[in-house]
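Since the structure comes first, as structure tokens, the remarks are kept for the end.
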Amino acid sequence: MIDIDTIKNKNTVGIILAYDIEGGTLNNLLALLDEIHADLVGLKVHSEILNFSEGENELLYDMCHAYGIFLWEDRKFNDIGSTFQKQVQRYEKIRDVISVSPMSGSDILKIDTSLDIFVLVQMSSKGNLFTREVSKSIMDMVTFEKLEGNENIKGIICQNQEFINTDLPVLTIKPGINLSATGDSLGQCYSNLSGDLPDMIVVGRGITLSQNPAEEIQKYKVERKSQKIAKF
């Protein structure tokens, strides 16, 4: 399981690599990880994009552990609790973390699983429907669950200062970081490293499309402010 204190106590903001290369092979991914894993805290993937076999997923899971990074399935689950409980079982032996979009209600956060959960509070895409009111309602769910002792919720996926500066004992994760682009043709809106920084950032194409990933990732390493973790 992810250790919140370990990540929050690092001197630099944690970097999570988003690897969304359609048709990419496991060998290519492992070669990239071998090159840059020392600068990562996690790897974020989508199973339906990678389309790895069961054996390949197991090997990737084992290799991530050998590299000392967590493996995140960014599935953004959103269904009734009983359906989600069945869906999540297929990932429990090949992933460390899953993402959840609790638009179906707070019961989706109460399932019994060995996986850690990152809760989607905001998105980086243009025109998304995560209004401030919606995001605050999700944060209310997370707050209640943490007060009730929910140990599975380890982080929130967010974008702006209001949520990055939460006092909750969770990791803050900001996707959509790119230093060489501002967006794409399908609504992605990239951010740079200015302003208040979260505990972890997600970087995808800024690294994976680089000619020299090992050199490029150094540009994303920034010192972080120390934060006191609230204890409930």
Checking Asp199 against Ile173 for the side-chain contact (heavy atoms from CB on, under 4.5 Å) test, could you report, in this order, the C-alpha distance in whole Å, the side-chain angles of both residues, the deciding distance, and whether it holds? CA-CA 6 Å; Asp199 298 305; Ile173 306 121; over 6 Å; no
Tell me, do [X] and [Y] make a side-chain contact under 4.5 Å, heavy atoms counted?
| X | Y | value |
| --- | --- | --- |
| Phe130 | Leu120 | yes |
| Gln122 | Ile157 | no |
| Lys44 | Asp20 | yes |
| Pro102 | Val119 | yes |
| Tyr19 | Leu32 | yes |
| Met63 | Leu33 | no |
| Ser53 | Glu58 | no |
| Leu30 | Asp34 | no |

Between [atom1] on residue [X] and [atom2] on residue [Y], distance to nearest 0.5 Å:
| X | Y | atom1 | atom2 | value |
| --- | --- | --- | --- | --- |
| Asp39 | Ile217 | CG | CD1 | 5.0 Å |
| Met123 | Ser135 | CE | OG | 11.0 Å |
| Tyr220 | Ile201 | OH | CD1 | 8.0 Å |
| Phe118 | Asp74 | CZ | CG | 10.0 Å |
| Ile98 | Lys76 | CD1 | NZ | 12.5 Å |
| Glu162 | Arg132 | CD | CZ | 4.0 Å |

Give the C-alpha distance, both sets of side-chain angles, the deciding distance and a yes or no for side-chain contact (heavy atoms from CB on, under 4.5 Å) between Leu168 and Ile156. CA-CA 10 Å; Leu168 289 176; Ile156 58 170; 5.6 Å; no
For [X] and [Y], which heavy atoms make the closest approach, and how far apart are they?
| X | Y | answer |
| --- | --- | --- |
| Pro198 | Lys174 | CG-CB, 3.5 Å |
| Glu223 | Val13 | O-CG2, 4.3 Å |
| Lys219 | Leu193 | O-CD1, 3.8 Å |
| Ala18 | Val202 | CB-CG1, 3.7 Å |
| Cys64 | Leu43 | SG-CD2, 3.9 Å |
| Gln188 | Ser124 | OE1-OG, 2.8 Å |

With distance as the sole test, does [X] use its side chain to make a donor-acceptor pair with the main-chain N or O of [Y] at under 3.5 Å?
| X | Y | value |
| --- | --- | --- |
| Lys8 | Asp3 | no |
| Asp196 | Ile164 | no |
| Ser210 | Gly206 | no |

Residue pair Leu50, Glu56: steps toward the side-chain contact (heavy atoms from CB on, under 4.5 Å) verdict: CA-CA 10 Å; Leu50 294 181; Glu56 287 176 319; over 6 Å; no
Side-chain donor-acceptor contact under 3.5 Å, Ser106 with Glu145: no
We want to know whether Ser194 and Asn192 form a side-chain donor-acceptor pair, criterion being a heavy-atom distance below 3.5 angstrom. yes
Any chain of hydrophobic side-chain contacts (each under 4.5 Å) joining [X] to [Y]?
| X | Y | value |
| --- | --- | --- |
| Ile177 | Val222 | yes |
| Val203 | Tyr190 | no |
| Val100 | Val134 | yes |
| Leu40 | Leu179 | yes |

Strictly under 6.0 Å, is that where the ring centroids of Tyr91 and Phe77 end up? yes
Do Lys110 and Glu148 meet the salt-bridge criterion of a basic N to acidic O distance under 4.0 Å? no
Give a yes or no on whether a salt bridge exists between Lys136 and Glu133, defined as a side-chain N under 4.0 angstrom from a carboxylate O. no
side-chain hydrogen bond (donor to acceptor under 3.5 Å, both in side chains) between Arg95 and Ser47, worked out: CA-CA 10 Å; Arg95 301 291 185 261; Ser47 290; 3.2 Å; yes
What salt bridge (Lys or Arg N to Asp or Glu O under 4.0 Å) pairs are there with at least one residue in residues 112-122, not counting sequence neighbours? Asp116-Lys154
Is it the case that more than 12 heavy atoms not belonging to Glu48 sit under 6.0 Å from its CD atom? yes
Looking at Lys93, I want to see if its NZ is surrounded by more than 12 non-hydrogen atoms of other residues, nucleotides or ligands under 6.0 Å. no
Apply the test side-chain contact (heavy atoms from CB on, under 4.5 Å) to residues Ile138 and Phe163: give CA-CA distance (whole Å), side-chain angles for both, the deciding distance (0.1 Å), then the verdict. CA-CA 11 Å; Ile138 294 173; Phe163 300 105; over 6 Å; no
